[in-house]
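The structure displayed is predicted, hence computed values, not measured ones.
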Amino acid sequence: MKRFLSAALAVLLLLLPVSVYATEEAPLYPYGDAAAYWYEEYEEAAEFTGDLKVKSAYLTDYGTGRVLYAFNENERRPIASVTKIMTTLLVFEALDDGRISYGDTVTVSDYAASMGGSQVYLEPGEQMELRDMLKALIVSSANDATVALAEHIAGSVETFTSMMNNRAHELGMDNTHFANPHGLDDENHYSSAKDVAIMTRELLSHPDVTDFTTIWMDTIRGGEFGLANTNKLIRFYNGANGMKTGFTNTAGFCLSGTALRDGLQLIAVVLGGETSDDRFAAVKKLLDFGFANYCAVTPERLQIEDLFISGGTDNYLSVTYDPPALLLEKGKNNEAEQRVVMNDNVAAPVSEGDRVGTVYITVGGEPVAECPVYAQESIPRIGFWELLGRVWREMLGFL
């Protein structure tokens, strides 16, 4: 009798328009996006008190985006060659999209060859593989290579600069405007420490970038021209893996420095240092503070029972989730508690990757993160004849 009733109930549920997103207890995040969400009211664990000889500074964790220190972080300032973080981001996005490839041949225009400041002395008409051109941009901060890449991607510097500003807007960089891809002084070219951290974080989401940013010394032109990294942290700071230096008389000495230790990826940005040593010392102090006081912990994944769904070719759906890395204070109770809340009345069709629930994570009773529970498989809506056959089989079994 139970089987018969179950089959009959399935027929009724087939006729009900129930959505897979029947309940929305929390903001939805697209499958594949960063899962962690830090609550603004989560109490800061430690306070930085070091002396930084810079105009503005910002320290954040890559994994969660949590702010660990901020000083004049929204002040609009020239950022010199730190600008090239956005240029590099657009290069990697073009690589990912297949619009360009590392093996492309980049031809140097008269304009690109005319760029002053840091350069690798490209000649008009010179051709270089894109990989080497990108290496010159990232490692040696070459303005001529930067312009050559911008023209290769967008056709002109003007179009590429417009792409930079559009991307900055998409990332929420509210205190940024680019006038060029290289960072040479322009009154309409500025950013902020916070905005630099935002674009640095986005660039770090492209793992191949550290293949370039961690180079200390290398060559181009078949070994005939040497490159040396302008970021001294790469050689002298444990775990350093990026990102970009910058200097002009107007901007002062600037640096976005990144480092990774024991799964904790930090981003430290300083702008407006009076000397090169000041910027490196400031970033080192910020990173030291972060690594000394915080750690990255990933909770163990819970085993979630299969979810009952109605109106599908199968009655149960396998689900899972990806526990996010948590930024926790060292020396405190770091035991994370997880609570699973599944959506009510989930109905077919369900596609692999659909969100069907949420895992809420607390530490010491405080909410610190949440992540989606998603379908591990696709289950289509059952058809009439298939459903009729299922009911008939159930009736025969009952008889």
- Task: Output yes when Glu93 and Arg99 qualify as a salt bridge under the 4.0 Å nitrogen-oxygen rule, no when they do not.
- Result: no

- Message: Checking side-chain polar atoms at under 3.5 Å, does Ser318 have a donor or acceptor matched by the opposite partner on Glu377?
- Response: yes

- Message: Do Arg279 and Phe253 form a cation-pi contact, if we require the NZ or CZ to be under 6.0 Å from the six-membered ring centre and within 45 degrees of the ring's axis?
- Response: no

- Task: Measure the OG1-NE2 distance between Thr161 and His177 for me, rounded to the nearest 0.5 Å.
- Result: 9.0 Å

- Query: Going through the distances and angles, do Leu184 and Ser81 end up as a side chain to side chain contact (heavy atoms under 4.5 Å, CB included)?
  - Reply: CA-CA 7 Å; Leu184 293 177; Ser81 285; over 6 Å; no

- Can you check whether Ser140's main-chain N or O pairs, donor with acceptor, with Asn229's side chain at less than 3.5 Å? no

- Item | Side-chain donor-acceptor pair present, Ser162, Asn165, cut-off under 3.5 Å | no

- Task: Using a strict 4.0 Å threshold on nitrogen-to-oxygen distance, state whether Arg339 and Glu370 make a salt bridge.
- Result: no

- Is there a donor-acceptor contact under 3.5 Å linking the side chains of Thr83 and His189? yes

- Item | Donor on one side chain, acceptor on other, Thr176 and Asp195, under 3.5 Å | yes

- Query: With side chains defined as the heavy atoms from C-beta onward, is the minimum distance between Leu266 and Leu264 less than 4.5 Å?
  - Reply: yes

- Would you please say whether a donor-acceptor pair under 3.5 Å links the side chains of Asp208 and His206? no

- Query: In Å and rounded to the nearest 0.5 Å, what is the OG1 to CZ distance from Thr258 to Arg201?
  - Reply: 13.5 Å

- Check: Asp61 main-chain N/O paired with Arg66 side-chain donor or acceptor under 3.5 Å: no

- Could you tell me the separation between the NZ atom of Lys244 and the CG atom of Leu255, rounded to the nearest 0.5 Å? 9.0 Å

- Task: Taking the six-membered ring of Phe291 (Phe, Tyr or Trp), confirm whether the NZ or CZ of Arg261 is under 6.0 Å from its centre and within 45° of its axis.
- Result: yes

- Check against side chain to side chain contact (heavy atoms under 4.5 Å, CB included), Val270 and Tyr58: CA-CA 7 Å; Val270 298; Tyr58 196 79; over 6 Å; no

- Message: Quiz question: by atom type and distance under 3.5 Å, do the side chains of Asp288 and Tyr237 form a donor-acceptor pair?
- Response: yes

- Is there a side-chain contact between Cys371 and Tyr360, using heavy atoms and a 4.5 Å cut-off? no

- Query: Would you call Arg301 and Asp322 a salt bridge, taking side-chain N to carboxylate O under 4.0 Å as the test?
  - Reply: yes

- Taking atom types as modelled, is there a side-chain donor on Gln127 or Thr107 under 3.5 Å from an acceptor on the other? yes

- Message: Taking Glu300's backbone N and O only, do any of them form a donor-acceptor pair with Gln338's side chain (distance below 3.5 Å, no angle check)?
- Response: yes

- Query: Quick one: which of Leu59, Leu203, Ile198, Thr200 gives a side-chain contact (heavy atoms from CB on, under 4.5 Å) with Ile267?
  - Reply: Thr200

- Note on the structure: Interatomic distance, OG1@Thr275 vs CZ@Phe247, rounded to 0.5 Å, equals 10.0 Å

- Query: Would you say the side-chain atoms of Thr250 and Asp185 include a donor-acceptor pair closer than 3.5 Å?
  - Reply: yes

- Task: Could you verify whether a donor N or O on one side chain and an acceptor N or O on the other, from Ser141 and Lys84, lie under 3.5 Å apart?
- Result: yes

